[in-house]
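A note on names: the letters A, B, ... follow the listed sequences, proteins ahead of strands, and every chain is numbered from 1. Quantities reported herein were computed from a predicted structural model and do not represent experimental measurements.
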Amino acid sequence: MSTETPQPPESELPEQMRVRLAKRADMLAAGVEPYPVSVERTHTLREVREAHPDLAVDVATGELVGVAGRVMFLRNTGKLCFATLREGDGTELQAMLSLALVGEDELARWKASVDLGDQVFVHGEVITSRRGELSVMADAWQMASKAVRPLPNTHTELSEEMRVRQRYVDLIVRPQTREMVRRRAQVLRALRDVLHGRDYVEIETPILQLLHGGATARPFVTRANALDQELYLRIALELYLKRAVVGGVERVFEINRVFRNEGIDSTHSPEFTMIEAYQTYATYDDIADVTRAMIQAAACAVFGSTTVHHVDGSVHDLGGEWRSVTLHGVLSDTIGTDVTPDTPIADLREIAVKNDIELKDGLTAGEIVLELFEELVEHTLVAPTFVRDYPVEVRPLTRQHRDDPRLAEAWDLYVFGTELATGYSELVDPVVQRERLTAQSLKAAAGDPEAMQLDDDFIRALEYGMPPTGGMGMGVDRLLMTLTGLGIRDTILFPLVRSE
RNA sequence: GCGCCGUUAGCUCAAUUGGCAGAGCAGUUGACUCUUAAUCAACGGGUUCGGGGUUCAAGUCCCUGACGGCGCACCA
């Protein structure tokens, strides 16, 4: 060891880090920069590969290139060294260093300073080895960035915790993780493309809010020092998008993060990405078509068709029209008993008892129907299914049904047994909306932490007249899960983890 | 929040009834000009998650805390 790095007490570091730090120090002592500002890269590894798709064995092209990548394999033999370089998209290319070409000193310097995981630059001729491997035969090489921490071994699976806590390592080691990053980008782009194609305008609305609303969920609370006031992180996008609709943004959407202070598990993250879209002079039927178009476009963006491939190997077609049922209808079909908005509470409770479902006291008929649906039907809806016409009391932001005032013009979209999206014919009557939110705020005052607050400014906006509007909301992470079959923590690049 | 299971070398894991803490990969040294999970030889590497206890003796048993996984509850 020639130079000390006083920061962390070296004796407490693992042996392999001490060795690598010593190599870094030795390079500095020899006047070699382990972290140069740049290197003379002329080609990406992919470009070299694409320029020479099928060279014969043991061929020299005469083409000189400068390439760089992370060392993923290293085979230092006596007078001929091999390294497999990899760049960000996963493309790999072999570098070879021979005593004859680089000389004794440079070969020794390579062996002494290069470890698995280092970023290196290699200049030389594009050749194929005697075994036919496309390679760059080096005439010069340079460290591009010395890795002082060793990579995990690449022959065993990384632990789940390591993959989430050190996602950068997961990205280096696992192609599936790199693929998810790109798939998420493809999905976001597809969603935007569909909406832009229909003349929607993307806007950004406040994340820090004085009141929480637009959904029933526990919010995160924070504080604005300058205002000396508590603020909430938004739980939904809805109420501000509707303000924009009132103001004349007649087709509007937002894709961004919302925050819910609730359980964390394989399908729930405290922050997740929502898309909400609103279109004036549209109904919940129109917005269902938009939603289907978005999901099918997302599938095509990822898989090239509406046939999706899950990580468990299963294949599912999300193409064509989707099944549409009513809430009461699908519940009736499932349990074999007719349930309608007229079914008395006593009868509904009897169905619950028969099916071993415990119900809280004081529920309305509509709330019981919804509970029965969630317990008995939801998990059976594997193929995409719009479930329509919910009890009006469980959809406080939706207009009453044109044919039955006890129902709301709302649908939920279920795929693979879970809810993926929701859509409404929006409630635009300010008087009815005030009544509904007042009822919600009474529940909040009574201690329900998930109930909506009465947002007077939102009501005031409606009082100026909001056009008839259809709206939808969808969890983007859920969409990724639907397309790939992964858990939510695999669809979010950097999910929340507890401190180590 | 409640319950169950787990945490051992850089990584992935093993360790019988409580009896010397091990393997593969990675690392160090040496050999090798066609390797590609290279091979061969030798060597090094441990606060067994933290704290406390029982015991002649604790990775192993008990208590406690942290973190993780699964189930339940809440929810998208």
Side-chain angles (χ1 to χ4, degrees), chain A residues 12-20 22-23 57-58 71-86 92-102 107 111-112 115-117 127-135 137 147-166 169-170 172-173 214-219 235-236 258-276 358 360 374 378 412-415 418-422 448-450 473-479 481-482 487-489 491 497-500:
Chain A
E12 291 180 12
L13 287 175
E15 180 200 20
Q16 295 190 54
M17 283 195 68
R18 292 200 302 269
V19 168
R20 285 165 180 252
K23 289 177 178 177
V57 167
D58 203 9
V71 177
M72 297 307 294
F73 294 112
L74 194 58
R75 296 170 288 280
N76 287 346
T77 65
K79 302 186 179 67
L80 182 64
C81 297
F82 302 85
T84 302
L85 307 187
R86 185 153 82 199
E92 295 185 345
L93 188 67
Q94 178 167 271
M96 297 168 65
L97 289 89
S98 75
L99 177 67
L101 267 174
V102 300
L107 196 64
K111 289 184 190 177
D115 289 302
L116 280 178
I127 64 157
T128 52
S129 72
R130 278 180 211 161
R131 294 293 178 87
E133 182 80 30
L134 187 66
S135 308
M137 178 59 90
V148 297
R149 197 177 281 273
L151 287 179
N153 87 66
T154 49
H155 314 310
T156 51
E157 286 277 298
L158 269 188
S159 68
E160 170 86 15
E161 187 175 1
M162 179 94 164
R163 294 207 291 111
V164 172
R165 282 192 188 275
Q166 300 187 41
V169 175
D170 191 26
I172 291 168
V173 167
T216 50
R218 290 182 191 225
I235 57 173
V258 299
F259 307 84
R260 297 189 185 177
N261 207 343
E262 292 170 343
I264 303 175
D265 61 28
S266 64
T267 58
H268 298 87
S269 168
E271 56 177 301
F272 61 101
T273 300
M274 281 272 291
I275 178 169
E276 288 191 22
E358 284 189 33
K360 281 184 283 189
E374 288 173 353
E378 176 172 348
D412 279 2
L413 173 63
Y414 288 87
V415 188
T418 57
E419 185 188 339
L420 175 60
T422 184
D448 182 347
E450 295 171 7
M474 174 165 60
V476 174
D477 320 274
R478 278 277 169 93
L479 175 56
M481 294 161 68
T482 298
I488 197 166
R489 271 150 71 94
T491 72
V497 287
R498 288 195 210 219
S499 62
E500 289 178 69

How is [X] classified with respect to the nucleic acid when contacts are heavy atoms under 4.0 Å: base, sugar-phosphate, or nothing?
X	value
Met17(A)	nothing
Thr84(A)	nothing
Ser269(A)	base
Ala100(A)	base
Leu116(A)	sugar-phosphate
Arg165(A)	sugar-phosphate
Glu161(A)	sugar-phosphate
Asn261(A)	nothing
Glu157(A)	sugar-phosphate
Lys23(A)	sugar-phosphate

Report yes if at least one side-chain N or O of [X] is closer than 4.0 Å to OP1 or OP2 of [N]; otherwise report no.
X	N	value
Ser159(A)	U12(B)	yes
Arg75(A)	A38(B)	yes
Arg130(A)	U33(B)	no

In whole Å, what separates the [atom1] atom of [N] from that of [M]?
N	M	atom1	value
A9(B)	G71(B)	C1'	33 Å
G24(B)	C67(B)	P	35 Å
U64(B)	U12(B)	P	29 Å
A23(B)	A14(B)	P	16 Å
A26(B)	A58(B)	C1'	30 Å
U7(B)	C11(B)	C1'	15 Å
A21(B)	A31(B)	P	35 Å
C25(B)	G45(B)	C1'	14 Å

Nearest whole Å is fine: how far is [N] [atom2] from [X] [atom1]?
X	N	atom1	atom2	answer
Leu97(A)	U36(B)	CG	P	18 Å
Glu419(A)	C74(B)	CD	P	15 Å
Asn153(A)	A38(B)	CG	P	11 Å
Lys111(A)	A31(B)	NZ	P	8 Å
Leu101(A)	C34(B)	CG	C1'	14 Å

For [N], the Watson-Crick or wobble counterpart (both distances under 3.5 Å):
N	answer
G3(B)	C70(B)
A26(B)	none
U16(B)	none
G45(B)	none
A37(B)	none
A21(B)	none

Do you know which of Lys23(A), Arg18(A), Met17(A) makes side-chain contact (heavy atoms from CB on, under 4.5 Å) with Val148(A)?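 Going through the options one by one, the only one that passes is Met17(A).
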So which nucleotide from [options] ends up closest to the side chain of [X]?
X	options	value
Thr77(A)	U36(B), C34(B), U33(B)	U33(B)
Asp115(A)	A76(B), U28(B), C34(B)	U28(B)
Thr156(A)	G69(B), C25(B), C11(B)	C11(B)

Measure the distance between the ring centre of Phe272(A) and the centre of the six-membered base ring of A76(B), then answer whether it is under 5.5 Å with planes under 30°.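 Aromatic stack with A76(B) present for Phe272(A).
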Arg86(A)/Glu92(A) ion pair, N-O < 4.0 Å: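 Salt bridge between Arg86(A) and Glu92(A), a charged N being under 4.0 Å from a carboxylate O: yes.
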